[in-house]
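Here is how names work: the chains are called A, B, and so on, in the same order as the sequence lines, proteins then strands, and each is numbered from 1.
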Amino acid sequence: MPTTTIATVRAAPRLSRGFFNRDAVTVARELLGKLLVRREGSQLLAGRVVEAEAYLGAADPAAHAYNGRTPRNAVLFGPPGHAYVYFIYGNHYCTNVSCMPEGDAGCVLLRALEPVVGIAAMAANRDLELAADPTHSQLRNIASGPGRLSEALRITRDRDNGKDFTSPRSDLWFADDGHRVAEIAATPRIGVNQAVHEPLRFLAGGNPYVSGSRKL
DNA sequence: GAGGAGATCGTCT
DNA sequence: GACGATCTCCTCT
């Protein structure tokens with residue numbers, strides 16, 4: 001895989017509102033291979049999306065929006081392209097992006113990133129020691145899971161929930177550097193107890209940075 | 001490498 | 001008061 005540099009990330013155009021103004025399945029599939037970028041002062045942190053899950057809004061019993069609008073999930077009922085960040089299991093944040101036309105409350109859960117730029121800083125955010133890891137086996141622990149990627153990019157509810165990914169002033173955005181995923185695999189979603197057989201989890205086939213053991 | 005259980009707290013009922 | 005779109009550590013094989 002060609003090396004992605006800071007210059008590449010800086011030059012890659014941001015994804016616009018229209019990208020997210022589609023159904024969750026389409027957005028989840030097309031997000032694979034895109035870059036998720038965080039600006040921390042003068043530093044850039046970026047990872048390539050290799051795993052995402054689609055949640056279909058009010059029609060999906062596994063979705064947070066299924067039981068209607070609450071203060072927590074209000075972002076999902078707003079315009080597409082906004083960050084929905086929630087706290088789970090007492091110690092983890094999960095990062096979603098709202099999609100579908102406004103009011104339908106669909107979203108895509110970001111489940112794993114392949115670290116691309118600012119790798120050392122992301123590892124530090126996760127308390128991982130890359131310097132003491134000559135085989136780089138820790139690389140895939142940086143962002144291979146919803147809680148992990150949120151921690152690596154320092155995404156929290158207080159700081160980022162409701163943030164507009166498509167605003168030119170945002171310090172958190174998606175970018176397209178032209179990379180295309182060769183193969184997209186679909187599996188059932190992870191950790192859900194409703195609609196468990198729907199193949200709404202999408203992964204970059206063969207990529208070692210996806211979460212869990214079901215890599216395909 | 002695989003599997004089980006605890007941690008820990010916001011959200012909803 | 002119960003539960004959860006998870007992670008990590010520990011034990012066993």
Phosphate-side-chain proximity, A:R126 and C:dT8, N/O vs OP1/OP2 below 4.0 Å: yes
Is there a side-chain polar atom (N or O) of A:R148 under 4.0 Å from OP1 or OP2 of C:dA5? no
- Message: salt bridge (Lys or Arg N to Asp or Glu O under 4.0 Å) for A:R22 and A:D104? Distances and angles first, verdict last.
- Response: CA-CA 10 Å; A:R22 298 179 292 176; A:D104 281 355; over 6 Å; no
Touch class at under 4.0 angstrom, heavy-atom based, for A:N67 against every strand present
nothing
> How is A:F87 classified with respect to the nucleic acid when contacts are heavy atoms under 4.0 Å: base, sugar-phosphate, or nothing?
Replying inline: sugar-phosphate
Notebook entry, point to check: Is A:Y89 side chain donor-acceptor paired with the B:dA7 base, going by distance under 3.5 Å alone?
Noted result: no
Practice item. Answer with yes or no whether the side chains of A:R148 and A:S144 bring together a donor and an acceptor at under 3.5 Å. Key: yes
- Task: State, without any angle test, whether A:T166 and A:R14 hold a side-chain donor-acceptor pair at a distance under 3.5 Å.
- Result: no
For B:dC12, the nucleotide meeting Watson-Crick or G-U wobble distances (both under 3.5 Å) is C:dG1
> What do you reckon, do A:Y55 and the base of C:dA5 stack, with centroid distance below 5.5 Å and planes below 30°?
Replying inline: yes
Per nearest nucleotide of DNA chain C, the residue lying toward the 5' end, A:V192 or A:N141, is A:V192
Check: Parallel, tilted or perpendicular: which fits the ring planes of A:Y93 and A:F87, with parallel below 30° and perpendicular above 60°?
Finding: tilted
